[in-house]
Amino acid sequence: MREFSWIIPLLPLLSFLVILLFTRENRKLSSAISIGAIAIGFIYAISLLVRQLGDNSEFEMRFAWAVFPTMSLEVGILIDSLTTMMLVVVTTVSMLVQIYSLGYMHGDPRFSRYFAYLSLFTFSMLGLVLANNFFLVFIFWELVGLTSYLLIGFWFEKKSASDAGKKAFITTRIGDLGFIVGILLLSIYAGTLNYREVFAQAAGGVIPTAALSLAGVFIFCGAVGKSAQFPLHVWLPDAMEGPTPVSALIHAATMVAAGVYLVARSMAIYAHAPTAGMVVACIGIITALLAASIALVQNDIKRILAYSTVSQLGYMIMALGLGSFTAGTLHLMTHAFFKALLFLCAGSVIHAVHTQDIQFMGGLRGKMKITFWAMFIAALSIAGIPPLSGFWSKDEIVTATMGHPVFMALTLLVAFMTAFYMFRLIFLTFFGTPRDQHAYDHARESPRTMTMPLQILMVLSICAGWVAIPWLKEGYSMFVYFHEPEAAQPHYLIMLVSSVVALSGIGLAYLMYYKRSISADALATKFKPLYTILYNKWYFDEIYDRIIIKPVLALTSGLWIFDNGVIDWVVNFFGKFTVWVSDVKQWFDVHIVDGAVNGLGYTVWSFGALIRQVQTGRVQLYGFFIVFGIVVMLLIKVV
């Protein structure tokens, strides 16, 4: 069964080709093919998971693609517990997003193209998960970047959407450059890019520690780009310009999950290169804190969730950097479900009120009951309220920081901010009185094609994390593990502290945005400099624009002026000079050389023509000349 797992990514690829080549004009058939392909892949992924639960062993199938004297490039698949977990997560979220898209994208003129792009996007992520070596991962890595560009800029007629697509593509390419360097370093020192062979050499000390650390940092650069970590996090909030279901897919289970998956898959490198691991952890916690602080004051419902995603990804990266494979991958799984639910709920709200600004919402709880309860459950889960999914994975992350007091303090601070900004969103969107009566009057619950995926994801947001309940004998940590399985141990103090922190964040949001006993406007005025910095996202875009974009544009403008004014002038001068020389040469050739030759020829021709008049062969003419000669001679004699 595992040897045919390549069928899972093949199905959405075939779906993409069929829609692109044959069914673009048939909207229903295109969506049915796309959803059917991912549904079959989902069933196969579940079957693989069940098979892996019975026999948690690794399976690898590999073929040599290109053989060189020092190494060979392979195409292959690797099936283990991490792979099967990711396959289920990706296919589940992708399938639900596509079903949701039936209602959300209804009436879009490029409906079939949208589903074709979704299929290609899913194929890229599934191929990345199944790959057994860094070379193949990089191919799918770039495909994920391409398809994200197509989906983020799907409504390319909007300048903001086309700009966001380009921003995402170019920013992630910066990280990918580091990824390439890391791959090249591994190929030089290990002589292979196969996961198991590289990791065996890392564990055996074959690769020097300095080289391993350097390779680990450069590989992490790829994750910094794809998973929007500091300082390359600026593209992800702008990616909200794409359709909301695309945002759910990118932010939950595909593109941003790729970076976390890469770090988790490369855990053996970071385990034997602690310096690189600490770099990963530091970047992760900085990202988590930075993004959470920005989300506190944003008003665009999708941007709040976007910065929440960046923050939660920082959580995962930090846990992996600190060596907690279980915590990082568990939060990757649970976050995929509740974050997909949050984005799809946001799409449902936007679909109803036709605005993304939560300042113009309010009072929607009674009109959109399914959406409200789904988003409320997802917010509780991401806040870390027991016994929902997010509580168990967040506690694993807090536990991972034991022995690192600074990391633990910042992790709890981020947890507090997460609970606060999520319930700020909930209270401003669903509670209180409508702040835009016209939008409220026209709001209604979304169609069943949109609410059914919400209900399924709501169940997963509640119970998906139960696999990590520490009292289970055969829990998540016994299935997805690094090195050796180890049963999770309950930490009651951490459970209590993290729950109190989460409830404190919710309580503060309740006092400020529901009871209004604390004035948010007064706080914003009192701390206006800080509020302004957070509202403007720490001015990262402006800083990058000032120190990178404008200097580069100025340089390119200067180079263009030099090229146009100097290089082109020199080239054009020599071109014109050559034309002038050729004109002079042509005149000399025509008037002097050709004139002399033609003049001589004409002279000879004229003389010959004159001689021809003397020797005509006519007797009369000869007789005339004889008589004329005699007359002339007689005249001369007489004279």
Side-chain angles (χ1 to χ4, degrees), residues 100-108 155 158 160 237 240-248 295-308 338-380 382-383 419-455 457-458 461 506 508-524 535:
Y100 178 94
S101 298
L102 290 173
Y104 192 88
M105 297 298 290
H106 178 73
D108 193 281
W155 288 322
K158 290 169 54 182
S160 58
M240 298 301 96
E241 293 294 337
T244 300
V246 169
S247 301
L296 293 173
V297 299
Q298 298 302 305
N299 294 320
D300 186 309
I301 188 170
K302 288 175 67 176
R303 286 186 180 271
I304 294 171
L305 298 180
Y307 282 108
S308 172
F338 58 67
K339 185 51 63 69
L341 178 56
L342 285 168
F343 268 106
L344 295 185
C345 287
S348 181
V349 171
I350 294 167
H351 188 264
V353 299
H354 303 290
T355 181
Q356 295 181 196
D357 194 332
I358 59 176
Q359 299 292 340
F360 294 97
M361 299 179 190
L364 295 175
R365 178 179 50 162
K367 282 202 166 188
M368 306 182 69
K369 292 182 179 179
I370 297 176
T371 301
F372 163 70
W373 281 110
M375 199 163 197
F376 185 73
I377 292 296
L380 287 174
I382 193 174
F420 174 80
Y421 66 66
M422 285 309 308
F423 276 84
R424 172 179 177 265
L425 185 155
I426 293 292
F427 291 133
L428 288 178
T429 303
F430 294 102
F431 290 84
T433 57
R435 290 179 294 279
D436 186 334
Q437 193 62 42
H438 177 74
Y440 176 80
D441 291 340
H442 289 82
R444 64 176 66 90
E445 187 60 271
S446 300
R448 184 160 177 76
T449 53
M450 294 173 66
T451 57
M452 184 185 70
L454 301 186
Q455 292 167 316
L457 285 169
M458 182 167 57
S461 297
I506 295 173
L508 181 60
Y510 174 80
L511 293 174
M512 291 179 65
Y513 298 101
Y514 184 79
K515 295 292 290 183
R516 305 283 178 174
S517 57
I518 300 176
S519 173
D521 293 335
L523 285 176
Y535 186 78

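Because the structure is predicted, anything quoted here is derived from the model rather than measured.
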Exercise. Per the ring pair (Phe, Tyr, Trp, His ring centres under 6.0 Å) rule, which among Tyr513, Tyr514, Tyr421 passes with Phe427?
Worked result: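 Single pass found, and it is Tyr514.
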
Exercise. Ser308 side chain to Ile304 main-chain N or O, any donor-acceptor pair under 3.5 Å?
Worked result: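 The answer is no, because no donor-acceptor pair under 3.5 Å joins these two groups.
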
Exercise. Is the backbone of Asp441 close enough, under 3.5 Å, to the side chain of Lys367 for a donor and an acceptor to pair up by distance?
Worked result: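 A pair under 3.5 Å: yes.
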
To the nearest 0.5 Å, what is the distance between [atom1] on [X] and [atom2] on [Y]?
X	Y	atom1	atom2	result
Leu428	Met512	CG	CE	9.5 Å
His106	His351	NE2	NE2	8.5 Å
Phe420	Ile506	CZ	CD1	12.0 Å
Leu454	Ser348	CG	OG	6.0 Å
Arg365	Thr371	CZ	OG1	14.0 Å
Leu305	Leu342	CG	CG	5.5 Å

Contact between [X] and [Y] at the side-chain level, heavy atoms closer than 4.5 Å - yes or no?
X	Y	answer
Leu380	Phe423	yes
Leu344	Thr244	no
Met240	Phe343	yes

Exercise. Could you go step by step and tell me if Lys302 and Ile350 meet the side-chain contact (heavy atoms from CB on, under 4.5 Å) rule?
Worked result: CA-CA 9 Å; Lys302 288 175 67 176; Ile350 294 167; 3.6 Å; yes

For [X], does the [atom1] atom sit with more than 12 other heavy atoms under 6.0 Å from it, leaving out its own atoms?
X	atom1	answer
Trp155	CH2	yes
Phe431	CZ	yes
Lys158	NZ	yes

Closest non-hydrogen atom pair, [X] against [Y]:
X	Y	answer
Ser247	Gly242	OG-O, 4.1 Å
Cys345	Met375	SG-N, 3.5 Å
His442	His438	ND1-O, 2.9 Å
Thr451	Glu445	CG2-OE1, 3.8 Å

Cut-off 3.5 Å, no hydrogens considered: what does the side-chain donor-acceptor table look like for residues 352-364, sequence neighbours left out?
{"residue": "Thr355", "atom": "OG1", "partner": "Asp357", "partner atom": "N", "Å": "3.3"}
{"residue": "Gln356", "atom": "NE2", "partner": "Asp300", "partner atom": "OD1", "Å": "3.1"}
{"residue": "Gln356", "atom": "NE2", "partner": "Asp300", "partner atom": "OD2", "Å": "3.0"}
{"residue": "Asp357", "atom": "OD1", "partner": "Gln359", "partner atom": "N", "Å": "2.9"}
{"residue": "Gln359", "atom": "NE2", "partner": "Asn299", "partner atom": "OD1", "Å": "2.9"}

